[in-house]
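Below is one structure; the comments refer to it alone.
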Number of protein chains: 2
Amino acid sequence: MKSKISIVKIGGNIIDDPYALKTFISDFAKIKHPKILIHGGGKIANRLNEELGIKTVMNEGRRITSAKNLDTVIMVYAGLINKRIVSALQGQECNAIGLSGADANCIQASKRSVHPVDFGWVGDVKSINQSTINLFLREGITPVFCAISHDGNGQLLNTNADTIASEIAISMSNDYDTELIYCFEKSGVLQNVNDDDSIIQKINTKKYLELKTKRIINKGMLPKMENCFHALNNNVSKVIIGNSSVINNDEKCSILTL
Amino acid sequence: MKSKISIVKIGGNIIDDPYALKTFISDFAKIKHPKILIHGGGKIANRLNEELGIKTVMNEGRRITSAKNLDTVIMVYAGLINKRIVSALQGQECNAIGLSGADANCIQASKRSVHPVDFGWVGDVKSINQSTINLFLREGITPVFCAISHDGNGQLLNTNADTIASEIAISMSNDYDTELIYCFEKSGVLQNVNDDDSIIQKINTKKYLELKTKRIINKGMLPKMENCFHALNNNVSKVIIGNSSVINNDEKCSILTL
């Protein structure tokens, strides 16, 4: 039987709230089996851009990454947020290592085509360096990834953190029984977006298609759900969507399986 | 016989000059034996502080690291500069990994006492995690360190890059025949500070004391030379001081031995 691994992705709601982040880090550090953390960026990059007079340009909710914007996200994601998380985990006796995709060539990506929309220095994941990530895990080292990848030719690229999490989960499922956990601002996939108690607890492929048809899952949730089922269709055993407490208690969350 | 390792430290004159940095990276990538890079910060952190309206306060040439200043140096050193160097090395087929001292607990430091001068969030190196650095090297991974350490209790600390380089060199000398190379703006230790051709090519302990007595070595060079002889007195075989071309050609530089 394969041993268990948890791939956990946290978003801005945790990163932007010092108390929530502290609680999360303490909970995450306590996970006894192998684990990997992927973090998004939160609002700090936008705030830094504002202070520097750099425009944050969005297209349908997605950031257009100009050269100056790329420098900002490298500083904030790979620098400030990543190292704060790593040092805090070290303080909780979790031997973390902070990584961008360039480090030890962990995540290679291709710059996205400029058609139909030029998103700038944005990359789509091409390959995960499973053997090096595995080496860290075998040595008891916990990888903490920011959402920066590279093209292998010297160019850093801004990359979607949800996608990085699902691609890492898929890659690790060769060797591990893999659980992918998305922590975000809501308690799960909701029947009624305004009622945090209306969690749909179990979602399989059939239920997912039904929820899509009824437009209960739409807008921002659609790409997240696509990532989830992409992972499930590629050997990831289980996907959990919930708030930051799910890594301790999976009673109040959505559990996705095939 | 122990196999050879080169520990190379680069300063602001290389980091702040895109052409010099590109040339250096190409030369460094070509070193065939195990190698470690340590980089300082250059002027980018000061420039970012200026743009953000954060004061850069110095005391006798050394930065006082306020909390805001620490955030800036983490963003610039561990983020922008470190990841730019790592991705550029990856582009030259050198499998680099960027590290702060918090990552995999590589460098622990103690916050410096506030007496006689309160330098703020500055740390003095306490221990180097030789076994993890060795693990990377055995796997053909080249560590690239920025000058940020941690205290093991969740606090990141700004640390002198020259000292990190000498402490890493000392630590690696248990397993390797270790050469420590300081690349800076001049061609070596100069007899006449205004004449870049007046390189003192060979310096041993006796010569060093003589140069100190004659005040040929003074001011900024003194702490650098103290680091060098500290390393030599702790099993490092050779220290080289020169400009960025020394990693290819050690004819025009100063070579320090006991």
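Please read these numbers as outputs of a predicted model, since none were measured by experiment. In the text below, chain A, chain B and the rest are named by the order of the sequence lines, each starting its count at 1. These numbers come from the heavy atoms of this one structure, side chains and all, not from hydrogens, waters or symmetry mates.
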Residue Thr132(A) versus chain B: region with a heavy atom under 4.5 Å: side chain
Per-residue contact mode, Leu99(A) against chain B (heavy atom under 4.5 angstrom): side chain
Tell me whether the count of non-hydrogen atoms from other residues, nucleotides or ligands lying under 6.0 Å of [atom1] in [X] goes above 12.
X: Lys126(B); atom1: NZ; answer: yes
X: Lys43(B); atom1: NZ; answer: no
X: Lys2(A); atom1: NZ; answer: yes

CD-CZ distance between Gln155(A) and Arg84(B), expressed to the nearest 0.5 angstrom: 10.0 Å
From CE (Met75(A)) to OH (Tyr77(B)), nearest 0.5 Å: 13.0 Å
Chain A interface, residue from Ile25(B), Leu89(B), Asn105(B), Asn153(B) that has the most non-hydrogen pairs under 4.5 Å: Asn105(B)
Option that, when pairs with chain A are counted at under 4.5 Å, heavy atom only, ranks first among Ala78(B), Ser87(B), Gly91(B): Ser87(B)
Chain B neighbours within residues 46-59 of chain A, where any heavy atom lies under 4.5 Å away: Leu48(A), Glu51(A), Leu52(A)
Residues in residues 164-175 of chain A near chain B [non-hydrogen atoms, under 4.5 Å]: none
Distance-minimising heavy-atom pair for Lys83(A) and Ser100(B): CD-OG, 3.7 Å
Minimal non-hydrogen separation, Ile141(B) against Ala104(A), with atom names: CD1-CB, 4.3 Å
Test item: Gln90(B) side-chain N/O and Ala102(A) main-chain N/O as donor-acceptor pair under 3.5 Å: yes
Glu139(B), part contacting chain A, at a heavy-atom distance under 4.5 Å: side chain
Val144(B) vs Asp103(A) side-chain heavy atoms within contact, under 4.5 Å: no
Option passing side chain to side chain contact (heavy atoms under 4.5 Å, CB included) with Asp71(A) (candidates Leu80(B), Val76(B), Ile44(B)): Leu80(B)
